[in-house]
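Heads up: the structure comes next, in C-alpha cells.
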Amino acid sequence: MTRVVARAPGRVNLIGDHTDYTGGLVLPMAVDLSTEVTLDRGGDRLRLVSADDPAPADVPVRCAHPSAVDPPWARYVAAASSMVPGAVGGTGTVRTTIPVGAGLASSAALTVATALAVGHPHGALSLARLCQEAERRASGVRCGIMDPLVSAAGVEDHALLLDCRSLTWDAVRLPAGLAVLVVHSGERRSLSFTAYGRRRAQCEAAERVIGPLRDADAAGVAAIADAEIRARARHVVSENARVTEFAAALAGGDVRAAGALMVDSHRSLRDDFGVSTVVLDELVERLVAQAGVHGARLTGAGFGGCVVALADQGVESTVGARSWSVHASRGASLLDAA
Ligand code: GLA
C-alpha cells in the first residue's frame, strides 16, 4: 500500500474578478490556507473521511454521475477522480484550513488535491483544466479557470498575473513590507445558489453585440443598448485595464496606486456588476478608513464571502467576522508521506 499526501492551496484574488470566463486578466495568489488529502492508495473506490463533515465520501473512482453523489462535498472528489486517466482509489482523510463557502476557492483546492492524490502527474495547466471541468460536473456552475490554475501554479511570495485567454502567466513579486489581509463578511455563499451563471450569461450577451470583451474598449461598451448588459460589460473592460495597472503598480512598489485600484475595482463590482452586498461594502469602507490599509475590495465571486485588503505589515483587521493575514504560497504538490 502506498501512502500519498496531496496538498492544494486556496487563493485570494487581489484584483480581476468576473473576468476569467471571458478570457480576461486576473491577479490572484495562492495562500497558506490549504486542503490536504492523505490517501492509502489501492482499489477502485475512494473512501475519504473529512474533519469538517461527519458524512464520508465513498465513491467509485470512475463515477458516472458525480453531481448525484452525497454528501455534497463528495461530488468534487468523485468528479475529480473520475477525470484523471488511470486514477487509483484508496482510503484516507481530507483536512482543510480554508474556510468553506468564503470565496477562497475551497472547492478548487479539494478537486486539485484529490486529482493529485489519485495520480494526476501534475502539469499545472492540465491539472487546472481538468479541475475546472470537475468543478463544473460536480456543481453545475460554469466557473472559470482562475481558481484551479492558481492553486496548481502558485509561486511563493508572488501573485500570478494570469491571462485567461492565452492561459499564460507571470509571477509578480509582492513588495516587501506589505501584508495581505483577508476578512470574512460572515455571509457564506455558494456559487450554485447565486447569480453567477446569470452574470456569465450577461457577459455572453454583451459579446454577441460587441465581440470579445477582452478586445473591447469604453467606446464599444457604450454602443450596447441594454443598460444592464452595458454595465456588466463596462465592469469587465475596466477591470481588465485595472489588472494591468495594478500589476505595474506592484512591480514599481507603488502600493498607494495599487490600493486605489482595488477600491475602484470594488466600486465597479458593486455598481456595474452587481455582486456586492451591504456587509461587503461596509467592510471595505471600514478597512480603507483604517491607518496603514492601502486598499480593499471584495474577492472572488462576491455575493458574500471575503474582502481582501493590502496593508502595511503589522496592521491587523479590526473589523469583520474572522480575518487572516495570508502569505503567497507555492502551488499544489505531493508531499512526502510520513
Ligand atoms: C469564482 C469562479 C472563478 C471566477 C470568480 C470571479 O471564484 O470559480 O472562476 O469567475 O468567481 O472572479
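Just so you know, ligand 1 is whichever comes first in the structure, and atom 1 is the first atom listed for that ligand.
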Short N or O distance, Gly144 and ligand 1, threshold 3.5 Å exclusive = yes
Counting heavy atoms only, which part of Arg199 comes closer than 4.0 Å to ligand 1: side chain, backbone, both or neither?
-> neither
Under 3.5 Å donor-acceptor, Ser82 side chain and Ala78 backbone | yes
Take Leu269 and Asp17, measure what side chain to side chain contact (heavy atoms under 4.5 Å, CB included) needs, and give me the verdict at the end.
-> CA-CA 8 Å; Leu269 286 160; Asp17 271 311; 4.1 Å; yes
Going by the atom numbers of ligand 1, which of them fall below 4.0 Å from some non-hydrogen atom of His18?
-> 6 (C), 12 (O)
Considering only heavy atoms, does Asp17 approach ligand 1 within less than 4.0 Å through its side chain, its backbone, both, or neither?
-> both
Min over Gln132, Glu239, Met146 of heavy-atom distance to atom 5 (C) of ligand 1 lands on Met146
For His327 and Asp157, does a side-chain donor sit closer than 3.5 Å to a side-chain acceptor?
-> no
Strictly by modelled atom types, are Glu135 and Ser107 linked by a side-chain donor-acceptor pair under 3.5 Å?
-> yes
Ring geometry between His235 and Phe273 (parallel below 30°, tilted from 30 to 60°, perpendicular above 60°) | tilted
Just which atoms of ligand 1 are under 4.0 Å from any heavy atom in Arg11?
-> 7 (O)
Gly300 heavy atoms, cut-off 4.0 Å: which ligand 1 atoms fall inside?
-> 6 (C)
Where the side chain of Arg173 meets the backbone of His158, is there a donor-acceptor pair that is under 3.5 Å apart?
-> no
Asn13-ligand 1 polar pair, N/O distance under 3.5 Å | no
How about Arg256: does its CZ atom have over 12 heavy atoms from other parts shown lying under 6.0 Å from it?
-> no
Would you check whether Tyr21 has a nitrogen or oxygen atom less than 3.5 angstrom from a nitrogen or oxygen atom of ligand 1?
-> no
Mind checking whether Asp20 has an N or O less than 3.5 Å away from an N or O of ligand 1?
-> yes
